[in-house]
Amino acid sequence: MSHRPAPLTIRMHPADNVAIVANDGGLPAGTALPDGLVLREPVPQAHKVALVDIPADTAVRRYDVAIGYALKDIPAGSWVHERLLRLPEARELDGLPIATRRTAPLPPLEGYTFEGFRNPDGSVGTRNILAITTTVQCVAGVVDFAVARIKAELLPKYPNVDDVVGLEHSYGCGVAIDAPDAIVPIRTLRNISLNPNFGGEVMVVSLGCEKLQPERLLPPGSIPIVDERNVADVGTSAEPGLDVVCLQDERHVGFMSMIESIMRTAEEHLERLNARRRETVPAAELVVGVQCGGSDAFSGVTANPAVGFATDLLVRAGATVMFSEVTEVRDGIDQLTARAIDAGVAEAMIAQMAWYDAYLQRGQVDRSANTTPGNKKGGLSNIVEKAMGSIIKSGTAPISGVLAPGEKLKQKGLIYAATPASDFICGTLQLAAGMNLHIFTTGRGTPYGMAECPVIKVATRSELARRWHDLMDVDAGRIATGDATIEDVGWELFHLMLDVASGRRKTWAEHWKLANALVLFNPAPVT
């Protein structure tokens with residue numbers, strides 16, 4: 001005779017009038033909860049059940065926030081889903097609390113280190129990678145071919161180099177290159193080229209006729225000069241320190257001539273990268289981007305709170321943590337401005353929200369378009385509920401800075417990096433900011449990965465962690481079942497970050513060499 005586990009529901013706040021079902025497979029109609037409430041209908045896992053009668057037009061509360069208003073009477077024991085809710089209006093951007101949440105400083109966390117690659121500009125890499133920057137999408141096929149040969153023929157000669165990646169994208173020509181917002185994709189590409197994991201070695205492949213010329217992408221003064229380098233033999237008049245292989249150069253006769261030129265230039269950079277060695281550095285040198293994708297209702301219960309706890313540990317250790325995704329925190333803007341370290345930081349966050357509101361309005365995009373079908377299947381009714389779970393990744397520390405899309409970090413602490421909610425655009429912009437380690441939480445599951453940076457994947461549910469056992473690095477679902485606490489998983493994540501940053505452990509994404517292409521946020525119009 002099979003034994004059905006006891007019904008388990010999770011209520012986020014005593015004032016909530018709904019809870020989510022935690023049991024694998026959900027709960028059938030007629031199930032009696034520990035408090036005596038009987039389910040009137042089946043409720044899938046991660047979906048909400050009404051704990052009391054909720055009259056029409058009454059707020060449905062989760063996280064002690066009105067995530068929606070009942071479109072009709074919802075009896076206690078009912079399944080509460082998006083079709084029963086009216087989305088609340090977005091919070092206005094005036095009259096917000098500004099730097100009002102004053103908390104005691106987090107106590108310093110000292111003595112934690114990792115083994116990293118110290119760069120000439122003072123930054124630290126967690127990996128030692130040769131990155132080949134491209135100015136335009138037209139060269140992507142050539143660079144793909146060249147990178148495959150470099151990996152097969154050259155990389156084995158340089159064992160201290162972790163990888164070779166082509167920074168390929170869909171930008172560079174066919175766009176309004178002088179439009180005011182064109183600065184966003186241009187500075188994104190520029191700053192990715194200078195990511196700490198690339199060791200200060202900058203190599204560019206251009207076509208020659210594109211709008212985004214190498215000197216515009218990487219103008220004089222943008223690259224720290226480490227030594228004198230002879231670049232004349234690769235066909236460029238760019239500044240010293242910038243190696244450019246131009247495919248339209250007259251000295252390239254045929255396809256293989258282009259490939260040999262790229263390989264010859266790459267080998268010079270590989271030799272320098274191979275001479276580098278890891279050294280012990282403080283945990284303060286970590287630059288961690290946190291993100292969630294394929295979210296479900298457990299994201300704000302298990303994985304994201306554990307990441308938030310780890311975020312606080314990192315900030316206490318002097319490190320930098322970026323959280324992002326404008327559309328997924330917009331409905332919690334009052335929480336964020338209250339946590340700003342000062343009025344200037346709060347106003348900078350408001351400016352980013354206002355810019356994005358206007359951007360969506362220009363495209364006539366309804367904010368209800370977020371959430372996705374998968375989010376809804378995972379129990380998230382709308383963007384307000386999703387936002388409450390997303391913000392938790394930021395922990396409790398004061399927010400000390402704000403970055404516009406494509407900008408590079410200039411300070412430590414907890415930073416709000418404004419990005420779209422798309423996983424790949426967010427990751428691309430965090431790379432540009434200087435991220436050297438990435439944390440990605442998921443409930444529905446996604447094989448997301450980045451060649452440029454280690455990605456630690458955190459499953460919100462144990463069922464997903466078991467089913468995708470060779471894609472998920474951490475099972476945060478243990479929090480829902482009571483087998484671990486948020487603090488337990490937070491500390492586990494913190495120690496795992498130090499091990500991955502040191503190269504002592506590889507993530508599953510690295511093991512399978514999962515590498516999504518860079519996706520640039522391009523507000524400039526196409527011509």
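Distance CZ/Arg40 to OG/Ser78: 5.0 Å, rounded to 0.5 Å. Leu71 contributes atom CG, which lies 11.0 Å from atom CD of Glu82 (distance to the nearest 0.5 angstrom). Atom CG of Leu51 and atom CG of Asp16 lie 8.0 Å apart (nearest 0.5 Å). A distance of 8.0 Å separates CG in Asp53 from CG in Asp73, rounded to the nearest 0.5 Å. The CZ atom of Arg91 sits 9.0 Å away from the CG atom of Leu93 when rounded to the nearest 0.5 Å. Between Lys506 atom NZ and His511 atom NE2 the span is 9.5 Å, to the nearest 0.5 Å.
Ring centers of Phe494 and Phe309: at least 6.0 Å apart, outside the cut-off.
Judged purely by distance below 3.5 Å, without hydrogens or angles, the side chains of Thr441 and Lys393 never pair a donor atom with an acceptor atom. Between the side chains of Thr446 and Asp423, no donor-acceptor pair is found at a separation under 3.5 Å. No side-chain donor-acceptor contact under 3.5 Å links Arg62 and Ser381. Side-chain contact annotation: Thr126 with Asn436, donor-acceptor N/O pair under 3.5 Å absent. Using modelled atom types, one finds no donor on one side chain facing an acceptor on the other under 3.5 Å when comparing Ser502 with Asp499. Using modelled atom types, one finds no donor on one side chain facing an acceptor on the other under 3.5 Å when comparing Asn304 with Ser299.
Note on ring orientation: taking the six-membered ring where Trp is involved, the planes of His81 and Trp79 are perpendicular (angle over 60°, cut-offs 30° and 60°).
Residues Leu27 and Pro7 share a closest heavy-atom pair of CD1-CB, 3.8 Å.
A 6.0 Å sphere centred on CD of Gln411 holds more than 12 heavy atoms belonging to other residues, nucleotides or ligands. Enclosure of atom NZ in Lys72 is not indicated, since only 12 or fewer non-hydrogen atoms of other residues, nucleotides or ligands lie within 6.0 angstrom.
Screening Trp508, Trp512, Phe424 for a ring-ring contact (aromatic ring centres under 6.0 Å, His included) with Tyr448, the sole residue that qualifies is Phe424. Checking Asp475, Thr302, Asp296 one by one against Thr460, the side chain to side chain donor-acceptor pair (under 3.5 Å) holds for a single residue, Asp296.
With a 4.5 Å cut-off on side-chain heavy atoms, Glu385 and Thr371 do not count as touching. For the pair Pro523 and Pro185, the minimum side-chain heavy-atom distance is below 4.5 Å. By the 4.5 Å heavy-atom criterion applied to side chains, Leu498 and Leu286 are counted as neighbours. With contacts defined as side-chain heavy-atom distances shorter than 4.5 Å, the pair Ile10/Phe298 qualifies. Within the 4.5 Å cutoff, the side chain of Met435 has heavy atoms near those of the Met450 side chain. In this structure the side chain of Asn197 reaches within 4.5 angstrom of the side chain of Pro454, judged on heavy atoms. Met353 has its side chain within reach of Val326: a pair of non-hydrogen atoms, C-beta onward, lies under 4.5 Å apart. Inter-residue side-chain proximity for Val402 and Tyr416 is flagged as met; some heavy-atom pair is nearer than 4.5 Å.
Judged purely by atom type and a 3.5 angstrom limit, Thr9 has no side-chain atom pairing as donor or acceptor with the backbone of Ile20. A distance-only check finds a donor-acceptor pair linking the side chain of His438 to the backbone of Gly289 [under 3.5 Å]. Without hydrogens or angle criteria, Ser295 side chain to Asn375 main chain gives no donor-acceptor distance under 3.5 Å. Proximity of a side-chain donor or acceptor of Ser390 to a complementary backbone N or O of Lys386 within less than 3.5 Å is not detected. Checking side-chain atoms of Asn191 against main-chain N and O of Gly406 turns up a donor-acceptor pair under 3.5 Å. Under the 3.5 Å distance criterion, the side-chain polar atoms of Gln45 are matched with a main-chain donor or acceptor of Ala22. A side-chain donor-acceptor contact under 3.5 Å links Arg187 to the backbone of Pro405.
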For this session: Decide side chain to side chain contact (heavy atoms under 4.5 Å, CB included) for Arg367 and Leu87; before the verdict, give the C-alpha distance in whole Å, the side-chain angles of both, and the deciding distance to 0.1 Å.
Result: CA-CA 10 Å; Arg367 78 190 238 277; Leu87 180 67; 3.4 Å; yes

For this session: Let me see the working for Leu437 and Phe114 under side chain to side chain contact (heavy atoms under 4.5 Å, CB included), right down to the final yes or no.
Result: CA-CA 12 Å; Leu437 187 65; Phe114 69 98; over 6 Å; no

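Note on Asp162 versus Arg127: no salt bridge recorded, every NZ/NE/NH1/NH2 to OD/OE distance being 4.0 Å or above. Look at Arg505 and Asp473 and you find no salt bridge, because none of the NZ, NE, NH1 or NH2 atoms lies under 4.0 Å from a carboxylate O. Ion pairing of Asp163 with Lys151 is present here, as a side-chain N (NZ or NE/NH1/NH2) and a carboxylate O approach within less than 4.0 Å. The pair Asp24-Arg466 counts as a salt bridge, with a side-chain nitrogen and a carboxylate oxygen less than 4.0 angstrom apart.
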